[in-house]
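Sequential numbering from 1 along the given sequence is applied to the chain's residues. Worth knowing before you read on, the calculation uses all heavy atoms, side chains too, and leaves out hydrogens, waters and symmetry mates.
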Amino acid sequence: GKSFSSFSLKLQSDRLLAGLVKGFTGVGLPMVAIPLLSLIVGPSTAITIAVGPAAASNVVQCLRGGYLPSLLRRFWSLCLALIVVIGVTTPFIIGLDPSMLLLIVGSIVCLGSLLQLFQPSLRVPADKEGFWNPVAGALGGLICGGANLHGGTMAIYFLAVGLKRDRLVAAIGMVFVVGALPIYAAFFWSGILTSEILLATALALVPSLAAQWCGAYFRQFVPHERFR
């Protein structure tokens, strides 16, 4: 009907903007999509709709360039800690009052924006990664990982360990894919993943991936230092 067509148009517009940001920076799809969608359908539904396109876009992102095997060997403990903590926090996120959830989402988006703006100069020596990898994964999962907003935290850590532009983008894609596994499992068991949500998620895939490709194309023309 007319209401569904209006919702679909708003959803596609949201996906195009979020996908473009995601393709160019490697992060930002949930941070752009969830606040905008929350204005239409509420925060819990917005998070659910955003996870599917984010996961699909990140599969493409982490496979591009062939970096994934070496990244998994280097950051396996980070990924494991991320899965465990997100698995614990997601049921808590699901059970929150919508107004409280909206406040948390807004706070995380503001925090991520401030971190990207001021770009704290952190450095993690290679011989200390064994300790800091699981710590970073746990912190990423704790900082609203259940809402799929842990990408900004992970990006700062990957910059701190010295990952360069394309490898950095692949690593961010990897942790988003890993983080989506416990989120979708919790959404499935809680009954949030209805047929309407799945349809909305499917509608969001094409514009997200198309815009992501455009963003990734333009990224290759930006030097690493400016990209940071």
Side-chain angles (χ1 to χ4, degrees), residues 15-34 47 49-83 85-87 90 108-109 112 115-116 129 133-134 136-141 143-185 201 204-222 224 227-228:
R15 296 288 91 183
L16 284 170
L17 177 59
L20 188 63
V21 173
K22 170 70 173 175
F24 187 78
T25 66
V27 297
L29 196 154
M31 293 185 72
V32 173
I34 291 176
I47 291 169
I49 293 174
V51 171
S57 66
N58 282 299
V59 168
V60 175
Q61 181 172 311
C62 71
L63 292 177
R64 183 179 288 120
Y67 302 115
L68 183 59
S70 62
L71 289 172
L72 285 172
R73 287 192 297 269
R74 184 174 176 180
F75 297 110
W76 67 268
S77 60
L78 182 151
C79 293
L80 181 60
L82 189 68
I83 290 174
V85 176
I86 289 180
T90 300
I108 294 298
V109 170
L115 289 173
Q116 293 298 319
E129 284 186 27
N133 280 354
L139 285 175
I143 301 178
C144 220
N148 206 32
L149 293 170
H150 52 287
T153 308
M154 296 290 92
I156 291 171
Y157 180 72
F158 288 139
L159 284 170
V161 299
L163 294 188
K164 298 301 181 184
R165 186 189 61 191
D166 292 340
R167 191 177 292 269
L168 167 69
V169 170
I172 295 170
M174 174 187 70
V175 295
F176 267 122
V177 172
V178 167
L181 299 176
I183 294 174
Y184 250 117
T201 300
L205 287 175
V206 174
S208 294
L209 293 175
Q212 182 187 358
W213 182 88
C214 292
Y217 174 78
F218 288 112
R219 186 180 71 233
Q220 65 183 319
F221 301 108
V222 180
H224 174 70
F227 179 78
R228 284 174 60 96

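- Here the closest heavy-atom approach between residue P182 and residue G179 is recorded as CD-O, 3.3 Å.
- Summarising the geometry, atom CG belonging to L63 is positioned 6.0 Å from atom CG belonging to L68; distances are rounded to the nearest 0.5 Å.
- Between the side chain of N133 and the backbone N or O of R74 there is at least one donor-acceptor pair closer than 3.5 Å.
- Residues forming a side chain to side chain contact (heavy atoms under 4.5 Å, CB included) with R167 (at least two apart in sequence, or on another chain): Y67, S70, L71, L163.
- Among L80, V161, V175, the one residue that satisfies the side chain to side chain contact (heavy atoms under 4.5 Å, CB included) test with F75 is V161.
- The minimum heavy-atom distance between V85 and G141, with the atom names listed, is CG1-C, 3.5 Å.
- Note that CD1 of I86 is 5.0 Å distant from CD1 of I183, once rounded to the nearest 0.5 Å.
- Of the inter-residue distances, the one linking L78 atom CG with M154 atom CE reads 5.0 Å to the nearest 0.5 angstrom.
- The two residues C62 and A170 make their nearest non-hydrogen contact at CB-O, 3.5 Å.
- The minimum heavy-atom distance between M174 and C79, with the atom names listed, is CE-SG, 3.9 Å.
- S77 approaches P134 most closely through the heavy-atom pair OG-CD, 3.5 Å.
- Contact annotation: the side chain of V177 never approaches that of Q61 to less than 4.5 Å [non-hydrogen atoms, C-beta and beyond].
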